[in-house]
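Presented below is the structure to which this report refers.
Both backbone and side-chain heavy atoms feed into the values below; hydrogens, waters and symmetry mates do not.
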2 protein chains.
Amino acid sequence: MPPRTARRLTSFTSSDRPLYDQVRQRLIEGISAGEWRAGEAIPPEIELSQSFGVSIGTIRKAVDALVAHRALVRRQGKGTFVTAHDIGQLAFHFFHIVPRDGAKVYPEVRTVGFRRDRGDPMSARALQIAPHDKVIRIRNVLSLAGAPVSVDDITLAAELFRGLSEKHFVSRGNTIYHLYQSRYGINVLRTEERLRAVLAKGDVAQHLGVAEGAPLLEIRRLALSFRDRPVELRLSHVNTARHEYYNTLGKGEAL
Amino acid sequence: MPPRTARRLTSFTSSDRPLYDQVRQRLIEGISAGEWRAGEAIPPEIELSQSFGVSIGTIRKAVDALVAHRALVRRQGKGTFVTAHDIGQLAFHFFHIVPRDGAKVYPEVRTVGFRRDRGDPMSARALQIAPHDKVIRIRNVLSLAGAPVSVDDITLAAELFRGLSEKHFVSRGNTIYHLYQSRYGINVLRTEERLRAVLAKGDVAQHLGVAEGAPLLEIRRLALSFRDRPVELRLSHVNTARHEYYNTLGKGEAL
DNA sequence: AAGTGGTCTAGACCACTAG
DNA sequence: TAGTGGTCTAGACCACTTC
């Protein structure tokens, strides 16, 4: 066996980071750059192993990390694919409003507002854009089993979503993230959410069909892509009379 | 090299589950049974490898899964330890109330109620005990920076926590889970939480120092141990005027 | 120096998918 | 049958901790 140091230098410049970490980084770059798009397969492990000049075990360790982050999915006998935010269980990964009794249902989305605007200081800071850069503001009303449950006010950096228009929001389901991915190549990987209880008022109360002063769950969500790049800011007001926000901390599966 | 099948039979009865899965299961059993207690080290990998009759790589894969679930922590050069729910970052893993502006602070806990009772149907079902089995009910008031923020009503199966008394709750911090672990050998691994917005009333409002009808965040939390065994049911009412519930979905670290 | 976990390799064989 | 990911092994060497 040739000395490892020599081989490492053929593919990677010297670095103190582990090899699998560098491979992981390269895969991320390939996905971000659109080299492999959502739903497409990345090259087979053996091929990656050869082109990167590392062992298959190292490739597997790099891929493992990306699978854990839901950036990739493995399918035995078929290949390893870039995660697609299609309708399906994955759509629920970032949608946590469930009926207090029954089972999960797909939400119906109705877009009631769409306009271009200048960013306010709060949004701009969250989205990491300049204070008065252009933004797109969308208001959606989400219904479950026919009844309105949540009013979502979405803010996007116009820079990232050129050419976005109201007609793109006719699709079924909560998969705006699928739209981001298929049309703009932006993969939402994780979100940060801040929840509070507030009192209903104004048009939000009207949309939800509740009285002013009714208790609502307020959710401020920031959606992030690779390298924690901010993608979307969303302010939701949820009527929790018949629904609730369900969350599981620690790995979801039992040990 | 001897055939793998022969070796496998020396340690494991025939099974279609992967070896690393069986090793993982055995480690879980050892921890649950108190063979290695919280904060203690499990045997070194090479020793496990020999006693289980599998390769070190297989041991590592089994341990990896337990580390991902926070049941174990690795410390290079020292060993692999059963996770201890001591004061520290781990205490925050299940505590998600943060100031809306400032940084995280340790909550001060004051126990204002402790009594033995019979389970109501709801609690009994969640804790998986018979409808009228004995339970322990505790009420804690959590304060951050001196101001009361949350009223927690905790229900425990008396069967699991024999001899528990009010005086055990004098400790600082949110680490009731440390008490469960050190005194009863029960490791809380994950929680399920259901959040709603409600209106303040009665003694809860008084404890929090808010008017009746103020919006509060209600959290119903079920804490689970190995094999999803229910440990604790907790009903919290949080004043989110100056604090909020912070949650991150998808792996917490950036890619 | 001894002992621990962390990284990496090379290769065998199994399980699943597709033509 | 060929190609993919999934499991498992055996062993080398590195990085860190402790004595």
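Place A:Gly77 and B:Pro44 on DNA chain C by their nearest nucleotides, and B:Pro44 ends up nearer the 5' end.
Looking at the side chain of B:Ser55, the nearest of the listed nucleotides D:dC8, C:dG5, D:dG5 is D:dC8.
Remark: P of D:dT4 and CZ of A:Phe81 are 11 Å apart, rounded to the nearest angstrom. Nucleotide C:dG5 holds its P atom 12 Å from the NZ atom of B:Lys78, rounded to whole Å. For the pair A:Leu19 CG and D:dC14 C1', the computed distance is 12 Å after rounding to whole Å. Taking atom CD of residue A:Gln22 and atom P of nucleotide C:dG6, one finds them 19 Å apart after rounding to whole Å. Whole-Å rounding puts the B:Lys61 NZ to C:dG5 C1' distance at 19 Å. The CD1-C1' distance, from A:Ile59 to C:dT9, rounds to 13 Å in whole Å. When rounded to the nearest whole Å, the span between CD of B:Gln76 and C1' of D:dC14 equals 8 Å. Summarising the geometry, the separation between CD1 on A:Ile56 and P on C:dC13 is reported as 15 Å, rounded to the nearest angstrom.
Pairing for C:dG19 is absent, with no Watson-Crick or G-U wobble pair whose two atom distances lie under 3.5 Å.
Classification of A:Asp64 and A:Arg24 as a salt-bridged pair fails, no side-chain N sitting under 4.0 Å from a carboxylate O.
Phosphate contact (OP1/OP2 of C:dT7, side-chain N/O of A:Thr58, threshold under 4.0 Å): absent. B:Tyr20 has a side-chain polar atom (N or O) that falls below the 4.0 Å cut-off from OP1 or OP2 of D:dT7. Residue B:Arg75 places none of its side-chain N or O atoms closer than 4.0 Å to OP1 or OP2 of D:dT17.
Among the heavy atoms of the strands lying under 4.0 Å from A:Arg60 is at least one base atom, whether or not backbone atoms are also near.
In this structure, B:Arg194 forms no cation-pi arrangement with A:Tyr245, as its terminal cationic atom is not both closer than 6.0 Å to the ring centre and no more than 45° off the ring axis.
A distance-only check finds no donor-acceptor pair linking the side chain of A:Thr191 to the backbone of A:Ala223 [under 3.5 Å].
Around atom CZ of B:Arg125, no more than 12 heavy atoms belonging to other residues, nucleotides or ligands sit under 6.0 Å away.
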* Could you go through the side-chain contact (heavy atoms from CB on, under 4.5 Å) check for A:Leu144 and A:Leu142 one step at a time? => CA-CA 7 Å; A:Leu144 290 170; A:Leu142 273 66; over 6 Å; no

